Peer 1: 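Let me give you the structure first, and then I'll get to my questions.
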Amino acid sequence: MKLKFVLPFLVTVFVIIVFHFTNIFAVKFYPVLANFSVFLLFFISYFQKETVIQKIAKSIEGELDDFTKKYTKNLTLCWAIFTFFNFMISLFTVFLPEKIWAIYNGFVSYILIGSFFAIEYVVRIILREKYQK
């Protein structure tokens, strides 16, 4: 099952090569599909008994207390909303000049995702200190 981890990398490299050497309009939809897939992952899991973020937290910390369960459930909703907007913006950029598409999908969106991670991490630390004493 090592191929499971190599396949996304190979697909990404293939898309980059195809985009670089051709003018295929459809290749610009790659970030749209990726963002939509991540949105669906968070959105669908929000309505499950255990969200994807709860599963990750449970695998790291073991059994979750009520505060952490509620926090991770709300965090899943926040990620779903964030990824929905990222998906919509990436869809919009498909119809803009390639330079704008590349700047957003190859740089700005990653800065936004990293910022979201960083802000959430700080919020998590603050809330943990405040409510778990």
Side-chain angles (χ1 to χ4, degrees):
M1 283 295 155
K2 291 181 183 180
L3 183 65
K4 186 166 102 173
F5 298 106
V6 175
L7 191 59
F9 174 75
L10 294 176
V11 169
T12 302
V13 169
F14 174 75
V15 169
I16 290 169
I17 291 169
V18 169
F19 185 72
H20 182 72
F21 292 107
T22 66
N23 272 335
I24 299 175
F25 180 73
V27 174
K28 290 174 84 174
F29 282 93
Y30 177 72
V32 175
L33 293 174
N35 288 322
F36 185 69
S37 298
V38 174
F39 160 69
L40 277 181
L41 174 73
F42 287 118
F43 184 73
I44 291 170
S45 82
Y46 182 75
F47 299 101
Q48 303 299 316
K49 180 180 178 186
E50 201 172 53
T51 69
V52 68
I53 296 177
Q54 287 174 334
K55 290 177 183 179
I56 294 168
K58 194 174 184 180
S59 71
I60 294 169
E61 297 183 14
E63 202 56 41
L64 305 177
D65 59 26
D66 289 336
F67 171 80
T68 305
K69 286 179 184 177
K70 184 177 178 183
Y71 177 80
T72 52
K73 180 91 170 176
N74 290 333
L75 182 59
T76 301
L77 180 60
C78 291
W79 271 107
I81 292 167
F82 175 83
T83 55
F84 177 77
F85 282 110
N86 198 32
F87 153 69
M88 292 301 292
I89 294 168
S90 66
L91 178 62
F92 177 71
T93 63
V94 165
F95 305 102
L96 297 176
E98 287 179 7
K99 191 177 262 186
I100 294 172
W101 175 87
I103 289 170
Y104 181 78
N105 292 290
F107 179 70
V108 173
S109 67
Y110 290 104
I111 297 297
L112 292 173
I113 292 167
S115 298
F116 194 95
F117 266 114
I119 292 167
E120 185 278 321
Y121 183 72
V122 171
V123 168
R124 183 179 351 143
I125 290 171
I126 292 169
L127 289 177
R128 220 179 231 181
E129 288 178 5
K130 185 176 180 179
Y131 292 108
Q132 290 191 340
K133 286 188 176 183

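Position 1 is the first residue of the sequence; numbering continues from there. In this text the structure is predicted, and so the values were computed from the model without any measurement.
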Peer 1: Once rounded to the nearest 0.5 Å, what's the spacing between atom OH of Y46 and atom CD1 of I44?
Peer 2: 14.5 Å
Peer 1: Can you sort out the partners of E63 under side-chain hydrogen bond (donor to acceptor under 3.5 Å, both in side chains), two or more places apart, ordered by chain and number?
Peer 2: none
Peer 1: Does I113 belong to the same Ile/Leu/Val/Met/Phe/Trp/Tyr cluster as V122, with side-chain heavy atoms less than 4.5 Å apart forming each link?
Peer 2: no
Peer 1: Same hydrophobic cluster for V94 and F85, using side-chain heavy-atom links shorter than 4.5 Å among ILVMFWY?
Peer 2: yes
Peer 1: Kindly check if the number of other-residue, nucleotide or ligand heavy atoms within 6.0 Å of CZ (F47) is above 12?
Peer 2: yes
Peer 1: Are I111 and V108 linked, directly or through other ILVMFWY residues, by side chains that come within less than 4.5 angstrom of each other?
Peer 2: yes
Peer 1: For residues F92 and I103: do they belong to one hydrophobic cluster (side chain heavy atoms under 4.5 Å, members Ile, Leu, Val, Met, Phe, Trp, Tyr)?
Peer 2: no
Peer 1: Salt bridge (charged side-chain N to carboxylate O under 4.0 Å, His left out): which pairs involve residues 38-54, sequence neighbours left out?
Peer 2: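 The answer is E50-K58.
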Peer 1: With a cut-off of 3.5 Å and sequence neighbours excluded, list every side-chain donor-acceptor pair involving residues 12-19.
Peer 2:
{"from": "T12", "atom 1": "OG1", "to": "P8", "atom 2": "O", "distance (Å)": "2.9"}
{"from": "T12", "atom 1": "OG1", "to": "Y30", "atom 2": "OH", "distance (Å)": "2.9"}

Peer 1: For Y71, run the side chain to side chain contact (heavy atoms under 4.5 Å, CB included) check against L127, T76, I53 and tell me which one passes.
Peer 2: L127
Peer 1: Which pair of non-hydrogen atoms, one from A57 and one from T72, has the smallest distance, and what is that distance?
Peer 2: CB-CG2, 4.3 Å
Peer 1: How many angstroms lie between atom CG of L91 and atom NZ of K28, to the nearest 0.5 angstrom?
Peer 2: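 If I round to the nearest 0.5 Å, the distance is 11.5 Å.
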Peer 1: Kindly determine whether W101 and F29 satisfy ring-ring contact (aromatic ring centres under 6.0 Å, His included), including the steps that lead there.
Peer 2: CA-CA 10 Å; W101 175 87; F29 282 93; 9.7 Å; no
Peer 1: What donor-acceptor contacts under 3.5 angstrom involve side-chain atoms of residues 33-43, with partners at least two apart or in another chain?
Peer 2:
{"from": "N35", "atom 1": "OD1", "to": "N86", "atom 2": "ND2", "distance (Å)": "3.1"}
{"from": "N35", "atom 1": "ND2", "to": "P31", "atom 2": "O", "distance (Å)": "3.0"}
{"from": "N35", "atom 1": "ND2", "to": "S90", "atom 2": "OG", "distance (Å)": "3.1"}
{"from": "S37", "atom 1": "OG", "to": "L33", "atom 2": "O", "distance (Å)": "2.8"}

Peer 1: How many angstroms lie between CD1 in I119 and CZ in F82, if you round to the nearest 0.5 Å?
Peer 2: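 Output value for this atom pair is 9.0 Å.
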Peer 1: Rounded to the nearest 0.5 Å, what separates atom CZ in F84 from atom CD1 in I89?
Peer 2: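 Reported to 0.5 Å precision, the distance equals 10.5 Å.
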Peer 1: To the nearest 0.5 angstrom, please state how far the SG atom of C78 sits from the CD atom of E120.
Peer 2: 9.0 Å
Peer 1: Could you check whether atom CZ of F107 has more than 12 heavy atoms from other residues, nucleotides or ligands sitting under 6.0 Å from it?
Peer 2: no
Peer 1: Roughly how far apart are L75 CG and T68 OG1, rounded to 0.5 Å?
Peer 2: 11.5 Å
Peer 1: Any Lys/Arg nitrogen of R128 or E61 sitting under 4.0 Å from an Asp/Glu carboxylate oxygen of the other?
Peer 2: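 Yes, charged N to carboxylate O under 4.0 Å.
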Peer 1: Do I81 and M88 sit in the same hydrophobic cluster, where Ile, Leu, Val, Met, Phe, Trp and Tyr count as joined when their side-chain heavy atoms come under 4.5 Å apart?
Peer 2: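 Same cluster.
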Peer 1: Among residues two or more places apart or on two chains, list those pairs meeting salt bridge (charged side-chain N to carboxylate O under 4.0 Å, His left out) that have a residue in residues 64-82.
Peer 2: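 Checked against salt bridge (charged side-chain N to carboxylate O under 4.0 Å, His left out) - neighbours excluded - no pair reaches residues 64-82.
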Peer 1: Taking only residues at least two apart or on different chains, which pairs with a member in residues 81-90 satisfy salt bridge (charged side-chain N to carboxylate O under 4.0 Å, His left out)?
Peer 2: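 Residue pairs passing salt bridge (charged side-chain N to carboxylate O under 4.0 Å, His left out), neighbours aside: none found.
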